[in-house]
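A quick write-up on the structure given underneath.
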Amino acid sequence: MAIQGALPVEFGTVFPHGAFALGVEAITDFETKRPQLDKDSGLPLWAVDVIDADPEARGKAKSVKVKVAAEVCPTLPDEVPGLPFRPVEFEAMAAMPYVDDNGRRPRVAYSLRARGVKAPGGAAGGRRAPAKDAA
């Protein structure tokens with residue numbers, strides 16, 4: 001099969017109504033207690049807690065984590081006066097499907113990754129992993 005690993009996906013496909021960031025934290029390996037590293041780039045992984053702005057999103061779909069591989073913790077865009085959370089966009093997103101069997105019955109879920117975080121429609125607001133050389 002030609003599809004290997006995560007599937008590239010546009011930000012607007014994943015979050016058509018936008019997204020809001022709550023915070024960023026390092027992802028640590030459960031066994032070693034060391035920073036978890038991205039398998040492709042070797043960079044540390046960071047989890048951005050995100051609220052989906054879709055008014056129809058419910059339950060587990062309302063709040064997700066997007067993993068970002070970067071040497072240092074990505075910085076979120078500045079707060080917007082009058083909003084309780086920071087609006088964000090993710091650059092170079094990818095979705096990795098997996099089977100979530102932690103509920104009453106198994107379901108297909110997606111692990112989300114991105115190369116960077118920025119303000120909606122604006123310049124990058126955080127540090128990004130270096131771009132890979134084009135082959």
Side-chain angles (χ1 to χ4, degrees):
M1 181 185 280
I3 298 174
Q4 300 283 326
L7 303 168
V9 63
E10 294 294 322
F11 173 81
T13 301
V14 179
F15 299 108
H17 297 275
F20 296 96
L22 300 173
V24 182
E25 63 184 3
I27 300 174
T28 56
D29 185 283
F30 180 75
E31 293 176 4
T32 65
K33 306 295 186 230
R34 299 183 70 150
Q36 191 177 61
L37 302 178
D38 180 62
K39 293 174 185 164
D40 294 330
S41 68
L43 294 170
L45 285 171
W46 306 87
V48 180
D49 288 315
V50 178
I51 293 177
D52 188 342
D54 183 352
E56 300 294 318
R58 300 283 183 261
K60 290 182 181 181
K62 190 68 175 168
S63 177
V64 297
K65 290 185 186 284
V66 176
K67 295 178 183 178
V68 177
E71 190 64 43
V72 296
C73 182
T75 54
L76 297 176
D78 292 334
E79 292 181 3
V80 175
L83 293 179
F85 308 112
R86 298 168 191 252
V88 294
E89 279 187 18
F90 292 97
E91 300 172 303
M93 289 193 75
M96 174 70 85
Y98 68 94
V99 176
D100 179 2
D101 57 1
N102 289 327
R104 291 185 298 210
R105 61 179 189 244
R107 67 180 183 90
V108 175
Y110 299 91
S111 173
L112 300 173
R113 300 240 177 170
R115 288 197 187 151
V117 183
K118 66 178 186 174
R127 296 201 168 91
R128 294 172 285 175
K132 291 187 176 185
D133 294 338

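Residue indices begin at 1 and follow the sequence shown.
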V9 vs Y110 side-chain heavy atoms within contact, under 4.5 Å: no
Nearest atoms (heavy-atom pairs only) where L112 meets A95: CD2-CB, 4.0 Å
Contact check, side chains of K118 and E91, non-hydrogen atoms, under 4.5 Å: yes
Minimal non-hydrogen separation, P74 against W46, with atom names: CD-CG, 3.5 Å
Student check: side-chain heavy atoms of V117 and V66 closer than 4.5 Å: no
same_hphob_cluster(L7, M96) at 4.5 Å side-chain heavy-atom cutoff: no
Path from V80 to I51 over hydrophobic side-chain contacts below 4.5 Å: yes
Presence of salt bridge, R107 and D100, under 4.0 angstrom: yes
Distance-minimising heavy-atom pair for F20 and A53: CE1-CB, 3.6 Å
Side chain proximity check, F15 to M93, heavy atoms < 4.5 angstrom: yes
Over 12 foreign heavy atoms within 6.0 Å of OH, Y98: yes
From CA spacing to verdict: side chain to side chain contact (heavy atoms under 4.5 Å, CB included), F90, V14: CA-CA 10 Å; F90 292 97; V14 179; over 6 Å; no
D38 versus A69, closest heavy-atom pair with distance: CB-CB, 3.8 Å
Hydrophobic cluster identity match, L76 and V68, side-chain contacts under 4.5 Å: yes
Closest non-hydrogen atom pair, A70 against L43: N-CB, 3.9 Å
Pairing of K62 and D52 as salt bridge, 4.0 angstrom limit: no
Minimum heavy-atom distance P77-V88, with the two atoms named: CD-CG1, 3.6 Å
Heavy atoms from other residues, nucleotides or ligands near NZ of K33 exceed 12 (cutoff 6.0 Å): yes
Inter-residue atom distance E31.CD - R34.CZ, 0.5 Å rounding: 13.5 Å
